[in-house]
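Written below as C-alpha cells is the structure these notes are about.
Naming: A, B, ... by sequence-line order, numbering from 1 per chain. The shown structure was predicted, so the numbers you read here are calculated from the model rather than taken from an experiment.
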There are 2 protein chains.
Amino acid sequence: MSKKLDQATQTLKTPRSRRSNGNGLSSTTIMDVAREAGVSYATVSRVVNNKEYVKSDTRERVLKAITSLGYVVNQQARSLAGGRSYAVGLLVRDLGSSYMGEIVKGIDDALSAAQYNLMLYTTHRRKIKERIYVNNLIQGMTDGLLLVLPENLEAYLETLDQTHFPYVLIDHQGLDERTPVVITTNWQGGYDATRYLIELGHRRIGFITGMLDMLSSQDRLSGYQAALRDNGLPVDPQLVYEGTFYQPGGYSGAQSLLGLPEPPTAIFASNDVMAFGVMEAVRDAGLRIPSDISVIGFDNIAQASQVAPPLTTVAQPLEQLGREAVRMLLVRMNNPEQPIERSILPTTLIIRQSCDVPRNV
Amino acid sequence: MSKKLDQATQTLKTPRSRRSNGNGLSSTTIMDVAREAGVSYATVSRVVNNKEYVKSDTRERVLKAITSLGYVVNQQARSLAGGRSYAVGLLVRDLGSSYMGEIVKGIDDALSAAQYNLMLYTTHRRKIKERIYVNNLIQGMTDGLLLVLPENLEAYLETLDQTHFPYVLIDHQGLDERTPVVITTNWQGGYDATRYLIELGHRRIGFITGMLDMLSSQDRLSGYQAALRDNGLPVDPQLVYEGTFYQPGGYSGAQSLLGLPEPPTAIFASNDVMAFGVMEAVRDAGLRIPSDISVIGFDNIAQASQVAPPLTTVAQPLEQLGREAVRMLLVRMNNPEQPIERSILPTTLIIRQSCDVPRNV
DNA sequence: TTTATTTATGCAAACGCTTACAGAAAAAGA
DNA sequence: TCTTTTTCTGTAAGCGTTTGCATAAATAAA
C-alpha cells in the first residue's frame with residue numbers, strides 16, 4: 001500500500017503575493033491541507049463539507065492535517081464558489097430594550113449552534129431604504145433575513161418575495177397568511193390576564209394599549225375585551241387608554257385612568273415597560289400596589305421580577321421566539337419549496353405580587 | 001467620435017449555470033455593467049472603487065450603466081480578490097441594556113456611514129473561545145473588531161496583537177497603555193458627582209461600586225474618594241458598598257447603607273440601573289427622594305430622565321463612544337502603522353431632581 | 001514634426017473555494 | 001477470470017472581483 005508520495009502535481013503557479021488576509025499572518029488554505037495530507041484539494045473540500053465518497057482512511061488523514069495546520073475555511077471564497085454565505089441578516093428597529101435583548105439572545109444562540117454568522121442591521125426608526133436589501137442581502141451577503149417587529153413592511157416584503165429570499169418575521173403578523181412569522185398568543189395573553197383580574201374580584205379594569213398599528217396590540221386589546229364580555233362586565237371605552245409601549249405612555253395612561261370619576265381598581269398595561277410607568281404614577285398618586293391598585297404587565301422582561309412589588313405579567317417566550325425563528329429560517333433556506341409555516345408560541349400568566357383583590361370587595 | 005460598438009470581445013465562456021445567488025434573481029455583475037457601458041470590466045472596477053485614471057466621460061457612462069442595471073458589488077468576490085471584507089465585528093457581552101443600545105447605535109451609525117457591515121458576536125457571559133477569532137475574524141470575515149466591555153481580554157488580545165488584527169476596546173482600559181481604547185473620564189465623573197453632593201451640604205455620602213474588576217469602577221470610586229478628601233471629609237469604608245452594575249445590587253446596597261447606625265444622606269450609585277434599585281429601596285424604607293435621601297447615578301441612560309423624580313446623573317457620551325471607536329478603528333484599518341490612539345471622552349454632570357440639600361442642614 | 005510623458009483602458013491572473021466530469025480503484029456479478 | 005457496478009479521487013472550470021502589466025491614446029516637450 002505504497003502511498004503516492006509524488007504529492008500533488010497540482011498547478012503550482014506562483015501566486016501574485018502570498019495572501020496575508022489584509023493584516024499579518026498568511027492563512028492556510030485548502031491547498032496547504034491537501035499538500036499536507038497528500039491528497040487533492042477537491043478531496044479536502046469533500047471532507048470539509050462532509051460529502052460522501054471519501055475513504056474513511058483518507059478522511060482521517062485530511063482531518064488530521066486540518067487540525068495540525070489549524071485550517072479554517074474562508075467563508076468568502078466558499079460563498080463565491082458555492083453560493084452560500086453562512087450568514088443571516090438581522091433587522092431590528094433598535095437594541096437596548098430587554099425585549100430585544102432576549103429575542104436576540106435566542107437568535108444568536110440558535111444561529112451559532114448552526115454555525116451561522118449574524119449581520120446586524122439597525123433601522124433606528126428611520127425608514128430603511130430598499131437599498132440595504134438589494135445591496136447586501138440579496139447580493140449574497142447573507143443567506144436569509146430575520147425581521148423583528150418590522151416597521152414599514154410593505155416597502156420591502158414584496159422585493160423579498162419576488163426574489164424568493166428566505167426570511168421570517170418575528171412578533172409581527174405579516175401582511176397575510178402566507179407570510180412566515182413567529183408570533184405569540186397575544187389574544188390569549190390579554191384574555192388570561194384580564195380573567196385573572198376578574199377572578200380576583202375586579203370589576204373596573206383599566207387597559208393601556210400598545211401602538212395600535214401593530215396587530216399584536218390589537219390582539220391584546222381584543223383579548224381584554226373578550227374576557228370582560230365573557231364575564232358579563234361592561235366594555236367601557238373610557239377605561240382604555242392608547243399607549244405607546246414606552247414608559248411615559250404607561251405613566252400618563254395611569255394618570256388619566258386614575259383621574260376618572262370612577263377610577264379602575266386594576267390596570268393592565270400592554271407591556272412591562274409601560275407597567276413600570278403605571279407603577280410610578282400610582283405611587284405618585286399616593287396609592288399603593290397592590291392594595292389600592294393592581295397592576296399587570298405583558299412580556300415578562302427580566303426587570304419585571306426585580307421591581308417592587310414584583311410585577312405580575314403575561315410572559316412571552318422571547319428567547320424562544322428567536323430560536324424558533326432561526327429554526328424556521330433554516331428550513332426555508334434549505335427547502336425553499338416547503339410550505340410556509342406560521343409559528344405561534346404560547347404566552348403564560350406569571351403571577352407575582354402586583355395584583356390583589358380590590359379594596360372595595 | 002465613433003463609439004466602439006464592437007463591444008466587449010471579452011471571454012464569453014458559457015457559465016456553469018448563470019448564478020442565481022442561491023435564491024431567485026440572477027444578480028448583475030461587473031461584466032453586465034461593462035457590456036452595457038461598452039468598456040472592460042476592469043474599468044468598471046476602477047469606477048466603482050473611485051480610482052484615478054478614468055476619463056470623466058467614461059466614468060459617467062459606467063455610472064449610468066450601474067444605476068440603470070441596479071448593479072451593486074458582490075462583497076464576497078471583492079473580499080476574495082482584494083482582501084477586504086468591508087465588515088467589522090462587534091463583540092458584546094449582551095444586548096438589551098440601554099447602555100449597550102446607545103453604544104451600538106453610535107457604532108452602527110458611524111459604520112453604515114462608512115459603508116461597512118456589522119457582524120455581531122455575543123458572548124452572553126460565557127467564556128468565548130479563541131476559535132471565534134481564528135475562525136471568522138482573522139480568516140477575513142471582518143476587517144476589524146470592536147469590543148465593548150470585553151471580559152476575559154487576556155485570552156485573546158495577544159492573538160489579535162500578534163496577527164496585527166485591527167481592533168478597538170470600548171469602555172475598557174485595556175491591558176496597558178498600548179491598547180487602543182475609547183473610554184470616558186470615569187474618575188472625573190465620580191469626582192464631579194461627589195463634589196456636587198458635598199456642595200449641596202451632604203457630609204455622609206454612600207457609594208455603591210460597580211464590578212470592581214473593571215478599572216472604570218475603580219476610577220469612579222477613586223474620584224469619589226478624592227472629592228471627599230479634597231473637601232476635608234472622612235473616607236469611611238462603611239459607606240462604600242460593593243455592587244454589581246445590576247439593579248438588585250443597587251437595591252441591597254441602599255438597604256445596607258440605610259441600615260447603618262449613622263446612615264448617609266445621599267447615595268451615589270456607579271450606574272443608573274443601580275440607582276433605580278436605590279430609589280426603590282429608599283421608597284420601600286418609607287423615605288422620600290430627594291427630601292430625605294439624595295440619589296445620583298452614572299451613565300445617563302434614556303430611562304434616567306423618565307423615572308420619578310428624574311435622576312441626577314453623570315452622563316457618559318455612550319453613542320459618541322461608539323462613533324469614536326469606529327473612527328479609530330477605521331484609522332487603524334487603513335493605516336496600521338499609525339501610532340496607537342487612546343481616546344478619552346468627557347463625562348458631564350446632569351442635574352435633575354433626585355438630589356437636594358440634606359434635611360439636617 | 002518627433003519623442004517623451006502622462007493618462008486611459010484592456011487583458012489576464014489570482015483570490016480560495018465548490019462541483020461537474022472523468023478516470024482509477026475496489027467490489028460485486030457472471 | 002472477465003464484466004459491470006460502485007466507490008473514491010483528481011482535474012478543470014467557474015464564482016465576481018481586484019490589480020499588475022502592457023498597450024493605446026492623448027498631451028506635453030523638444
Under 4.0 Å between a side-chain N/O of [X] and OP1 or OP2 of [N], yes or no?
| X | N | answer |
| --- | --- | --- |
| B:Ser40 | C:dC11 | no |
| A:Thr43 | D:dT9 | no |
| A:Thr58 | D:dT9 | yes |
| A:Asn49 | C:dT18 | yes |

Residues [X], [Y]: salt bridge by 4.0 Å N-O rule:
| X | Y | answer |
| --- | --- | --- |
| A:Arg327 | A:Glu341 | yes |
| A:Glu60 | A:Lys64 | no |
| A:Arg178 | A:Asp176 | yes |
| B:Asp94 | A:Lys105 | no |

Take atom [atom1] of [X] and atom [atom2] of [N], then tell me their distance rounded to the nearest Å.
| X | N | atom1 | atom2 | answer |
| --- | --- | --- | --- | --- |
| A:Tyr86 | C:dT18 | OH | C1' | 10 Å |
| B:Asn50 | D:dT19 | CG | P | 13 Å |
| B:Arg78 | D:dT19 | CZ | P | 9 Å |
| B:Tyr41 | C:dA12 | OH | P | 7 Å |
| B:Gln75 | D:dT18 | CD | P | 9 Å |
| A:Lys55 | D:dT7 | NZ | C1' | 10 Å |
| B:Ile30 | D:dG16 | CD1 | C1' | 7 Å |
| A:Asn74 | D:dC15 | CG | C1' | 13 Å |

Exercise for the section: Starting from the 5' end of DNA chain D, give me the residue, B:Arg46 or B:Ala77, whose nearest nucleotide shows up first. Expected result: B:Ala77

Problem - Pairwise 5' ranking along DNA chain D for B:Ser45 and A:Arg59, keeping only the more 5' one - result: A:Arg59

Exercise for the section: Quick one: do A:Asn117 and B:Tyr121 satisfy side chain to side chain donor-acceptor pair (under 3.5 Å)? Show the steps, please. Expected result: CA-CA 8 Å; A:Asn117 283 114; B:Tyr121 299 91; 3.3 Å; yes

Handout entry: Separation between CG of B:Asp143 and CG of B:Leu330, rounded to the nearest 0.5 Å
Key = 9.5 Å

Fill in the blank from the handout: Here the gap from A:Leu120 atom CG to A:Leu91 atom CG, rounded to the nearest 0.5 Å, amounts to 8.5 Å

Practice task
Could you work out which one of D:dG16, C:dT19, D:dT19 sits closest to the side chain of B:Lys51?
Solution key: D:dT19

Pull out every protein N or O sitting under 3.5 Å from an N or O of nucleotides 4-7 of chain C, one pair per line with the distance.
from  : atom 1 : to      : atom 2 : distance (Å)
C:dT7 : OP2    : B:Tyr53 : OH     : 3.4

